[in-house]
S.K.: 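There's a structure below that I have some questions on.
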Amino acid sequence: GKKASAKLVAFNTEQAGGGMLGLSSVKPGSDGEWTVTQISCHSDLVTDMDFSPFDECLLATCSGDETVKLWRLCDPELQQPSAPELTLRPGQGRLELVLFHPTSSGLLAVGNTKSPLIWDTSRQDTPLAVLEQHGDQLQSMCWKQDGSLLASSCKDKMLRVFDPRAQLTPVQSLQNNKDSRILWAKDDLLLITGFDMMRSREVRLWDSRMLSSSVSSASLGTSSGIVYDLMMLSLTQGDTVVDCFEVSASEPFLSQVSHCLTDTATRGVAMVPKVALDVMSCEVMRVLQLTDSCIVPISYQVPRKHSGQEFHEDLYPDTVGTTPAMSAEEWWKGGNKQVEKVSLHPDKQPKQKAPPAKQMPAKKELDPARGCSTSSIPLSTPSSSSAVPSRSPSSTSGLSSGFLPSPSQSAKAIQSMMGPTSKFRHIQGAVMHRDTHITNLRGLNLTTPGECDGFCVNRQRVAVPLAISGGQIGIFERSQPGRLPETALSTIQNSVNVVDLSWDPFDTHRLAVAGDDAKIRVWQVPEGGLKETLTEPEVILQGHTEKIYSIKFHPLASGLLVSSSYDLTVRLWNLESGEQVKLLTGHQDQVFGMAWSPDGKLLATVCKDGKVRIYDPRKSTAPVQEGPGPEGQRGARAVWVCEGKYLLVSGFDSRSERVLYLYSADSLSSGAIASTSIDISPSTLIPFYDPDTSVVILTAKGDTRVHIYEMFPQDPYFIECSSFNSPEPHKGLAFLPKTECNVRDVEIAVGLLLTKTTIEPVAFRVPRVKKEFFQDDVYTDTAVCWEPALTASAWLSGSNGQHKKISLKPKDMTPVSEAPKEAPVRKYLPSSVYLEEKTDEQKKEELLSAMVAKLGNMDDPLPQESFEGVDEDEWDD
């Protein structure tokens, strides 16, 4: 939400649980810069706010903390008040809406979850009236301009009109559609935006004296609107479209004036009061759009010949002034005095107290050179002469792309208040087509230890432990999907129970298997897959004295493997020689997980003794760093993130809640620098990290939900993205190399999901509109992690290597960064509609030809086709 007075702009932020508001000014400060500050208002989310129509510095806020507060604000650069001027405590639960009365001072309409209350702020203890309880959550309220009636819309699909001074029940009500917002247009016309029966968004006009049927309706792509004098503006949170309509008391009640595309999606919007408009530039309306990082003024101007030199009276009828007509008590006793109207003529304005030297002409103040980013369309240039029917203001939508200079402090301030956003927040996981599944899998081993991922995959094949005696492992070729035969399968016979298994990252035929007899067997799968049962391993690694927990291949050096065991040691093995080359000590209890750093120099471990450790195996057998690990003893995993600067540990807290902890790799001893709680569940979340996008994907054996986060090297560290749910509990999720992602579908990760009887590929896609272009903001050059950078012996003797990088861009695709920029498409009425001097015949002719021409435009692209959004085929399951 967001509101503006003639002087100040207030908007919701994500600070302090939403209890803080951001504050800026409508005009820049004396130095030509805008200041953004914040004010702590409530202990819970601020649900609504409203500026007083009679005092540009008086703001009312309401909140989930059940209070309404009135704040006397000052300019953003000054110290804001620490306490409200007044607090109302209705004691009726969470408050959703607050609204000043249009004609009387100190009078508020406050909405709790179900009913509107009328308050006189001079009598704080009780409301003047508690109106009839609604059937469901109250969605919006609006006063009639003369202050006599209050209209409300509610989730129970009813519209109600109240006369609070006459009765507590509605004087008119009617059945409406879902999710609506209500506004009073001029006189007795009520305007509702919402959804029609087909869930398409529409705006309807009703006569409040006769709510039986609507006067007019128009379909549009929006769902929250604002009415402003004769103009109505409509836009939706998250959309990049602003539609402007003219509302009139006679046919054609609703006529569209313009349809603008904005650079970025809307988080909130506020109307600037009429008195603050630049009347000399024929500005008839100004809206402030709140985006993730800036406040954008959208100005509507009428193209006129002498714009800038003379005042066009026909565009500016006298408007309501800022002196209240009566007190709340007078109104409650039946008074109906109206606010005196004032002229908007510049010569008739009250003189400003400020010294003239600091007064800048209004025209300059939104000039792109002063505080607007220069990529904007200058506000003084009509960008489409969108006309409306005769004798009424026509209008132009000039769009600026932000009244805060992009790199400025204020833009950063807003961005930090709004909280950062992730380009992956709408990521979609989807199980691929049945043709790619391996089905009829039988005899799966469901009791692999917690330290094991359950199964392992590479580009060519999948290894799955089976519950057949003798520690057997099924090997399935990815190139041969489909139903497995009912007959007995060829397997690897490990001869002892399998505790962990891992494919060699540089050899798709080599599988290392750890057994509960303290030995590691290395198997070679023949070309083309298993045709017969294997019983003889290529190498057996012996040295551990007790059962093994887990094994991990080195990410850069070929044939180097690390293992952890119940004997509390961690050992390094060289597969070429078949010998143990290092023995690491220091663990006091079960080793839950191990992870190599991306550069292959360090090994991190997380242990049941409550410690996280980092080893430098070539330098020391003892850990080089230690720090406090997760308190819960159920299990944990670790993965290096953000180019190896941080260690992410997935574990449990003392209350058995699953938590992600982030440690700085340079200072484990200082403990986790950030953490985020996920849920309560018994199995450990296994993390997969994609270094190219900094996205971490987590799930546990037996879960149905896959959690996704984007990781950041600075606050907020974690941003939650949308999760993926599998239809039934899965037994494991393992990921394939980046080259398996289809970049034409914007897949950033592809994994294989193991269920009781199937292996199903799952793709994680980022929704994008222009899929014909290569999304180079998502696909950085990726490491060739399937080729070794050096040999085990070279690494052991002190050498380091790094992977080569390759681009994933297919030759026939153009990067989206080089895609031609599309000009926003704007709809407007033909100018012939408002040129009055023509004869009726001429008008008829022109209107007819304009309509025919319009029909011919059916092939033109729709404006929404150029948005960032979701592609057609992504709606399919």
Side-chain angles (χ1 to χ4, degrees), residues 1-29 33-53 55-89 94-100 108-111 121 140-141 224 226 237 266-273 276 287-297 402-404 408-421 716:
K2 174 173 176 201
K3 287 284 164 65
S5 69
K7 184 175 176 183
L8 300 170
V9 188
F11 54 91
N12 282 100
T13 73
E14 292 188 357
Q15 307 293 88
M20 275 194 164
L21 289 183
L23 191 67
S24 190
S25 52
V26 171
K27 298 181 180 179
E33 287 289 320
W34 274 264
T35 308
V36 179
T37 181
Q38 46 189 350
I39 171 167
S40 180
C41 295
H42 290 271
S43 59
D44 199 341
L45 176 72
V46 176
T47 47
D48 198 15
M49 63 192 115
D50 196 24
F51 275 103
S52 163
D55 182 342
E56 57 197 19
C57 296
L58 189 64
L59 178 74
T61 60
C62 70
S63 158
D65 69 6
E66 308 190 9
T67 61
V68 176
K69 297 185 182 181
L70 262 66
W71 301 88
R72 167 89 40 207
L73 303 175
C74 20
D75 287 347
E77 50 269 21
L78 304 174
Q79 179 72 40
Q80 297 301 326
S82 56
E85 213 164 70
L86 176 77
T87 304
L88 303 177
R89 291 190 169 80
R94 180 185 170 92
L95 300 175
E96 301 287 352
L97 302 164
V98 63
L99 198 59
F100 274 102
L108 286 172
V110 176
T121 53
S140 65
M141 299 190 299
S224 68
I226 307 173
Q237 280 200 336
T266 301
R267 294 238 350 205
V269 67
M271 228 29 150
V272 174
V287 182
L288 300 178
Q289 175 208 22
L290 178 66
T291 71
D292 286 336
S293 60
C294 56
I295 297 174
V296 182
F403 76 60
L404 299 170
S408 78
Q409 282 313 102
S410 28
K412 286 200 186 91
I414 291 188
Q415 198 146 16
S416 70
M417 287 184 215
M418 297 310 294
T421 56

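Residue numbers run from 1 in the order of the sequence given. The figures here come from the full heavy-atom set of this structure, side chains too, leaving out hydrogens, waters and symmetry mates.
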S.K.: Look up atom CD in Glu77 and atom OG1 in Thr35, then write down how far apart they are to the nearest 0.5 Å.
M.R.: 4.5 Å
S.K.: Check step by step if side-chain contact (heavy atoms from CB on, under 4.5 Å) holds for Phe100 and Leu58.
M.R.: CA-CA 10 Å; Phe100 274 102; Leu58 189 64; 4.2 Å; yes
S.K.: Supply the atom-to-atom distance Trp71 CH2 to Leu86 CG, rounded to the nearest 0.5 angstrom.
M.R.: 11.0 Å
S.K.: Using only atom types and a distance under 3.5 Å, with no angle test, would you say the side chain of Asp50 pairs donor to acceptor with the backbone of Lys3?
M.R.: no
S.K.: Out of curiosity, Leu78 CG to Thr37 OG1, how far, rounded to the nearest 0.5 Å?
M.R.: 10.0 Å
S.K.: State the CG-OG distance between Leu45 and Ser63, to the nearest 0.5 angstrom.
M.R.: 6.5 Å
S.K.: Among Met49, Lys69, Arg72, which residue meets the side chain to side chain contact (heavy atoms under 4.5 Å, CB included) test with Leu59?
M.R.: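 It is Met49; the other options fail the test.
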S.K.: Are Val98 and Thr61 side-chain neighbours, meaning at least one heavy-atom pair lies under 4.5 Å?
M.R.: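 Contact flag for Val98/Thr61 side chains = no.
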S.K.: What's the separation between atom OG in Ser25 and atom CD in Glu56, rounded to the nearest 0.5 Å?
M.R.: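 Ser25 atom OG to Glu56 atom CD measures 11.5 Å (nearest 0.5 Å).
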S.K.: Rounded to the nearest 0.5 Å, what separation is found between the CG atom of Asp55 and the NZ atom of Lys7?
M.R.: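 Asp55 atom CG to Lys7 atom NZ measures 9.0 Å (nearest 0.5 Å).
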S.K.: Looking only at atom types and distance, does a side-chain atom of Thr47 sit under 3.5 Å from a main-chain N or O of Cys62, one as donor and one as acceptor?
M.R.: yes
S.K.: Would you say the side chain of Met20 lies within less than 4.5 Å of the side chain of Cys41, judging by non-hydrogen atoms?
M.R.: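 They are not in side-chain contact.
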